[in-house]
Every structure is written in C-alpha cells, then in structure tokens.
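One structure is given here, and the rest of the page talks about it.
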Amino acid sequence: MPVEEFVAGWISGAVGLVLGHPFDTVKVRLQTQTTYRGIADCMVRIYRHESLLGFFKGMSFPVASIAVVNSVLFGVYSNALLLLTATSHQERRAQPPSYMHIFLAGCTGGFLQAYFLAPFDLIKVRLQNQTEPRAQPGSPRPRYQGPMHCAASIFQEEGPRGLFRGAWALTLRDTPTLGIYFITYEGLCHQYTPEGQNPSSATVLVAGGFAGIASWVTATPLDVIKSRMQMDGLRGKVYRGVLDCMVSSVRQEGVGVFLRGLTINSARAFPVNAVTFLSYEYLLRWWG
C-alpha cells in the first residue's frame, strides 16, 4: 500500500483540526448540555468563564491522535479505490472511478476510522465538556487534569469498555457519512475540472467545503447521540444503547434534538474540509 496517502491524510487532518476545534467545542457543549440558549450564548459564556483557552479544551489529544485517525481514513479510502479500480490517485483524473466505487471506498475508510477514533473522540468530548476555568488558587479542580489522566480515570472507573463508550453510534455515523463525503468531493471536482487535468485550488477548496457540509448534514443526528452516550458514564449509566438514547432524547426534548449543533457543524465544515482537501491534494502532487 502506498504510504503517501497515509502521511498526507495525517498532515491535512492536523491542519483542519486546529482550524475547526474551537467550533467543535461549542458544538459538543450544545449537544450535551441544556444550559445554553444558542451558539452566541455558548461562545460568550465560554469566553467569559474560561477565557479564549476554553475553546481549545481537549485539543492536544486529537492533534496527537490525528496521525492515526485521519491517515487511516484517507489511506484506506485511496487504497480501497486502488483495489476497486486498479488506478492510482493521479490516474483517476483521466479514468474517474464510478460513484459506487467512491462510496464503497469512503464507507470502508469511515468504518475503520471509527474503530481507531472511538477512544480519542471520547476523551476529547469529556475534556471539552469541562466548564471549569483555568486552575487558580482556591478554585475547584476539574475532574480530569488532562488527556492521559482522563484516559486513566475512564479505564479505572468504567473499565476497558468505557473507553469505547459511544463507539457503535460513532460507527453508524461515520460509515455512510464518509461515503457521501468523498462522493460529493470527487463529483464536484470532476464536474468543474477539464478532462484529464488536476482540479484547480479554487475547485478543491469549494468541493472540499461542500463535501464537509454534506457529510455533517447527514452525520449530525447520530453525532448528537454519540456525544450523549460518551458523556453517559459521568452521570451513571442512563442509556441502554443507541436506540434507547434516541428515544429518551426525543421524549425529553422533541425531534429537534437531532439537529443540535447542525448550524455550527455546517459553518465549521466548509473552511475545515476545504483546507484539509487542499493540503491533501497538494501533498500528493508534491510527492507524485
């Protein structure tokens, strides 16, 4: 398997993560806490109570783990397409793969990514939900002192399976969603690129941005469920599974609960995924 796709996925994913993490923190708070009146209220309260650094809670661990997670997604996707079509990344511009092949390769990447992502995402969400300001003399200490302490605490209090809390919802979220993600990207690139040529930077940016929006529109309902199940361990075991979480959430908050975080997810998705795909394409061309 070519290694370049894995390395390009790692670097491009890290760039996108740093750009999008503050928005992700707001999204997670809105999905798991009911104290905020909306995006603006959440952002103002985070800034006032926790300073600018509050938006970056839980970021260090994803940056470290993105080497595994994003390289798995892009590497598996590209190599699955190679197996399905027998064409390399550069050759696909002259011989575009079918949308079925793109979808299957994207689903495969999404399924395997979810397996690697689950513990890292759990720790990120737990840290993002800590509302305590930075440690000051006499102030209460947050439950988790950092990503490693969070991982060790979950392991000790909830057992090894605790680190995979919400993993099934994450897999259901990512498997079809990433098929749609890559279909949108490849489809827009193909439509607006002359035959046999590489897409321009503008095309890559627009296609990557719309791919991000399309995937998050699809993913948000299960993203809400995933985040709630990940926080479940802190409140005692409340949900018996994905379906129970969905039914309980609808009963308590109505069907609109599935759209929590959709606006900020979509706003974040365009710039983050535009930059991610641009970095990915340029790295592969540079190495090619």
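The structure presented is a predicted model; accordingly, all values stated were derived computationally and were not measured.
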Between [Y] and [X], is there a side-chain heavy-atom distance shorter than 4.5 Å?
| X | Y | value |
| --- | --- | --- |
| N273 | F210 | no |
| V242 | I225 | yes |
| P199 | Y192 | no |
| I154 | L122 | yes |
| W216 | R268 | yes |
| F120 | P147 | no |
| T220 | F258 | no |
| I46 | V26 | yes |

So if you build clusters from Ile, Leu, Val, Met, Phe, Trp, Tyr with side-chain heavy-atom gaps below 4.5 Å, do [X] and [Y] land together?
| X | Y | answer |
| --- | --- | --- |
| I264 | L262 | no |
| L243 | V255 | no |
| F23 | L19 | no |
| Y47 | M59 | yes |
| L104 | Y77 | no |

Counting distance only, does the side-chain N/O of [X] pair as donor-acceptor with the main-chain N or O of [Y] below 3.5 Å?
| X | Y | result |
| --- | --- | --- |
| Q31 | R260 | yes |
| H190 | E195 | no |
| T175 | L172 | no |

Once you round to the nearest 0.5 Å, how far does [atom1] of [X] lie from [atom2] of [Y]?
| X | Y | atom1 | atom2 | answer |
| --- | --- | --- | --- | --- |
| S227 | R173 | OG | CZ | 7.5 Å |
| L81 | S98 | CG | OG | 8.5 Å |
| E253 | S248 | CD | OG | 10.5 Å |
| R228 | T32 | CZ | OG1 | 8.0 Å |
| L117 | L112 | CG | CG | 12.0 Å |
| D244 | Y239 | CG | OH | 8.5 Å |

To check you understand the geometry: which heavy-atom pair defines the closest contact between [X] and [Y], and what is its length?
| X | Y | result |
| --- | --- | --- |
| T177 | T218 | OG1-CG2, 4.0 Å |
| S12 | T276 | CB-O, 3.1 Å |
| P176 | F103 | O-CE1, 3.8 Å |
| C42 | L30 | CB-CD2, 4.1 Å |
| M229 | G166 | CB-CA, 4.1 Å |
| G187 | Y99 | CA-OH, 3.4 Å |

Next item on the list: Check step by step if salt bridge (charged side-chain N to carboxylate O under 4.0 Å, His left out) holds for D41 and R45.
Entry: CA-CA 6 Å; D41 179 52; R45 287 169 68 177; 3.2 Å; yes
Checklist line | side chain to side chain contact (heavy atoms under 4.5 Å, CB included), paired with F270, selected from L205, V275, I213 | finding: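 The single option meeting the side chain to side chain contact (heavy atoms under 4.5 Å, CB included) with F270 is I213.
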Check: For N129, which of T131, V125, L127 qualifies under side chain to side chain contact (heavy atoms under 4.5 Å, CB included)?
Finding: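 So, applying the side chain to side chain contact (heavy atoms under 4.5 Å, CB included) to N129 and each of T131, V125, L127, only V125 qualifies.
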Note to self: I'd like to know whether H21 forms a side chain to side chain contact (heavy atoms under 4.5 Å, CB included) with Q128, so could you lay out the CA-CA distance, the side-chain angles of the two residues, the decisive distance to 0.1 Å, and finally the verdict.
What the structure shows: CA-CA 10 Å; H21 192 83; Q128 284 175 316; 3.4 Å; yes
Next item on the list: Taking the six-membered ring for Trp and the full ring for Phe, Tyr or His, determine whether the centres of F74 and F182 are under 6.0 Å apart.
Entry: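 Yes.
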Next item on the list: Report the C-alpha separation of R126 and E157 in whole Å, then their side-chain angles, then the decisive distance to 0.1 Å, and conclude whether the salt bridge (charged side-chain N to carboxylate O under 4.0 Å, His left out) test is met.
Entry: CA-CA 14 Å; R126 292 280 180 96; E157 295 165 12; over 6 Å; no
Next item on the list: Name all pairs fulfilling the side-chain hydrogen bond (donor to acceptor under 3.5 Å, both in side chains) condition that reach into residues 106-121, sequence neighbours left out, sorted by first residue then second.
Entry: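 Sorted pair list: Q113-D174, D121-K226, D121-Q230.
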Note to self: Set out, in order, the CA-CA distance, both residues' side-chain angles and the distance that settles side chain to side chain contact (heavy atoms under 4.5 Å, CB included) for S201 and L278, then state yes or no.
What the structure shows: CA-CA 7 Å; S201 299; L278 188 66; 4.0 Å; yes
Next item on the list: Determine, step by step, whether C150 and F155 satisfy the side chain to side chain contact (heavy atoms under 4.5 Å, CB included) criterion, reporting the C-alpha distance in whole Å, the side-chain angles of both residues, the deciding distance to 0.1 Å, and the verdict.
Entry: CA-CA 9 Å; C150 180; F155 186 86; over 6 Å; no
Check: After noting the C-alpha distance and the side-chain angles of S215 and T184, does the key distance pass the side chain to side chain contact (heavy atoms under 4.5 Å, CB included) rule?
Finding: CA-CA 9 Å; S215 65; T184 307; over 6 Å; no
Checklist line | ring pair (Phe, Tyr, Trp, His ring centres under 6.0 Å) evaluation trace for F277 with Y181 | finding: CA-CA 11 Å; F277 269 110; Y181 179 66; 5.2 Å; yes
Check: Just wondering, are more than 12 heavy atoms of other shown residues or ligands nearer than 6.0 Å to CZ in F55?
Finding: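 Yes, enclosed.
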Note to self: For a quick check under 3.5 Å, do S200 and T203 share a side-chain donor-acceptor pair by atom type?
What the structure shows: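 There is such a pair between these side chains.
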Check: With sequence neighbours left out, which residue pairs that include part of residues 27-36 fulfil the salt bridge (Lys or Arg N to Asp or Glu O under 4.0 Å) condition?
Finding: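 Every salt bridge (Lys or Arg N to Asp or Glu O under 4.0 Å) pair that includes a residue of residues 27-36, provided the two are not neighbours, is D24-K27, K27-D223, R29-E50.
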